Amino acid sequence: MSDIPTPRQIFSRYVSGEISPEEIATLETALRDDPDLRQEFIDYLNIDSALGDLAALSDEELKEAEQIVASVSDDPSYVTKDTSQRQNLYRTVVGLSALAATFLVIALVWNSLSLNDGVVPVATLVSEVDSVLMLDGKPWSSSHLLTGDYVLERGLMHLRFGGGVMVYIEAPARWKAASKERLVLYDGRISASVPPEGVGFTVETPEAEIIDFGTEFSVDVNGGASEVHVFEGLVRVQPRLRGNEKPAEAIDLRTSQAVKIREVSPNPVPIELAKNRFIRTFEEAKRKYPRTIKQLSPVAYYRMAIRDQGLASIPPEYSGVVLTGKGVRPPHASGVFAGGSLRVLANSTGRGGRVDSPPPLETGQLTLATYLYLHAETPSAVAVSDLQSDEGNFTLGINENSFLKATIRDNQGRLVTVSGDAPLPIQSWHHVVVTVDGNALCLYVDSLLVASTPCNPLNPENTAPLWFGRGTSGDALWNGRIDEVVIFDNALSEDEITVLYQAGLEEINGSP
């Protein structure tokens, strides 16, 4: 028989004050998810409250109650006497009791009220993506986090600490929720956005203490070293004291500065700001690049948003699924702008994406535009494709020499290919565009034409499922990130491609 109590068994422990933090979490989750159980809990509290009130009656009040009961028993007509007055009294008492119990349930569900010293939530879950969180070695599913040591085994979490401090955590990560104002990061990556009300929020690592003064910053703890990256504002970094060594002086980091503190040395070393490493928001930017895309009337736009409901498209009818497999980090990563991107390989669970109902191409023309980030040279990898056996029209990827390559199938069934003349640079974002206008197949990188060749229009009826980050047979995995994929049923002009690239460049330069 299981030793785990059911929510109903926890009712009495809640009332008696003997409930544990784990049981609070279990009860909170059950009440939030089950309306019938919430009503049952309210009824239970009402009964318990009524019994408590009865036990608290004085001897005179008990005698009066006994007389009323006797009157009801001896005189059946009693139920008709002063009916309105007794009904109003009854309704008032029951209503107040039910209202009090309802407020108690709401408080329990939303605030995880503490009955014992030390059981106080220090953070609240704002949102999560496919996360698995452990507290002191046990699964933790409550939306309220208590003090304790946590392990985020999978996925992403967005938490709110005291003062409105927003913290983003990417698995795998080991950390401690020390208080509403302090987080201890043992291993992993976090990003924090701190409003003026949260100034003083502190992140402690094995190598340093990071104190915020109203800013946006990220911390990476890995392999005996801590990195601190400041994207906006000011933080103070205090290296930790080691043995009898003289402590290193604290340093102030400002916007666009970063340092690394190693376990073997207390002195921080300046490093390059890592704009592409940290997930700093789950929301996609609503700025110039998306507006420029929409003004050009695409048939489908994949922003690669961080979400667990699939691969979102604008319009939604062309949405798909994110494919996962083995790995450590989630299939989502920071995007070229604020928001997310689709991560494939690169030590992640990401194995690409698939759209079974692809957008139609009816004109024989095509523009495919995307941002690509290659983690390492990976010859013969696919970024975007619908080309398979006798179906589909196009593919974009890199060839055996790690040069960008685009292939299309024309209306005569022939495959036509163009390739760049140099490897795609790794660990940096590049804007890549493929166009087919009925006369030529062209390949652009960062608004520059790098290759073209004559070709016929596409076959407008030859559609097939669309794949991101992998070949149609599941091989040729991209090793990096893919973001802002957009498909047009026409060929953009060179001027339009330049406008699009400049909009993206302004977006990147405008992002901290």
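Computed from a predicted model, the values in this text were never measured in an experiment. The basis for the numbers below is simple: all heavy atoms, side chains too, and nothing from hydrogens, waters or symmetry mates.
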Engineer: Does some side-chain heavy atom of Leu441 sit less than 4.5 Å from a side-chain heavy atom of Val434?
Structural biologist: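 In short, these two side chains touch, coming nearer than 4.5 Å.
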
Engineer: If we count only N and O atoms by modelled type, under 3.5 Å, do the side chains of Ser319 and Ser313 hold a donor and an acceptor together?
Structural biologist: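 There is no such pair (donor and acceptor under 3.5 Å, judged by atom type) between the side chains of Ser319 and Ser313.
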
Engineer: Answer whether the closest heavy-atom distance between the side chains of Val151 and Trp175 falls below 4.5 Å.
Structural biologist: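 Val151 does not reach Trp175 side chain to side chain.
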
Engineer: Hey, are Asn276 and Trp429 close enough side-chain-wise for a donor-acceptor pair under 3.5 Å?
Structural biologist: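 Distance-only check passes for Trp429 and Asn276.
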
Engineer: Is the Lys NZ or Arg CZ of Arg280 less than 6.0 Å from the centre of Phe231's six-membered ring, within 45° of the axis?
Structural biologist: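 Yes, Arg280 sits over the ring of Phe231.
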
Engineer: Would you name the heavy atoms of Ala178 and Thr147 that are closest together and state the gap between them?
Structural biologist: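 Shortest heavy-atom separation between Ala178 and Thr147 comes out as O-CG2, 3.6 Å.
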
Engineer: Decide salt bridge (charged side-chain N to carboxylate O under 4.0 Å, His left out) for Lys288 and Glu507; before the verdict, give the C-alpha distance in whole Å, the side-chain angles of both, and the deciding distance to 0.1 Å.
Structural biologist: CA-CA 7 Å; Lys288 188 169 184 178; Glu507 192 87 52; over 6 Å; no

Engineer: If you measure only the distance, is there a donor-acceptor pair under 3.5 Å linking the side chains of Ser334 and Arg481?
Structural biologist: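 Judged by distance alone, the side chains do pair up.
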
Engineer: Can you confirm if the aromatic rings of Tyr301 and Phe488 lie within a centre distance of less than 6.0 Å?
Structural biologist: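 No, ring centres 6.0 Å or more apart.
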
Engineer: Quick check: closest heavy atoms across Pro290 and Arg303, and the distance to 0.1 Å?
Structural biologist: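 Minimum heavy-atom contact is CG-NH2, 3.2 Å.
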
Engineer: Could you tell me whether Arg470 and Asp475 have a side-chain N and a carboxylate O separated by less than 4.0 Å?
Structural biologist: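 So Arg470 does not pair with Asp475 through a salt bridge.
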
Engineer: Classify the ring geometry between Tyr501 and His431 as parallel (under 30°), tilted (30 to 60°) or perpendicular (over 60°).
Structural biologist: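 It falls in the tilted class, 30° to 60°.
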
Engineer: Can you confirm whether or not the ring centre of His229 sits under 6.0 Å from the ring centre of Phe278?
Structural biologist: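 Yes, the ring of His229 comes within the 6.0 Å limit of the ring of Phe278, centre to centre.
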
Engineer: Checking side chain to side chain contact (heavy atoms under 4.5 Å, CB included) between Ser341 and each of Val336, Ile306, Asp483, which is the one that passes?
Structural biologist: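 Single pass found, and it is Asp483.
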
Engineer: For a 4.5 angstrom cut-off between non-hydrogen side-chain atoms, does Glu484 reach Tyr302?
Structural biologist: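 Not in contact.
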
Engineer: Please give me the minimum heavy-atom distance between Ile482 and Ala383, naming the atom from each residue.
Structural biologist: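 Shortest heavy-atom contact: CD1-O, 3.4 Å.
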
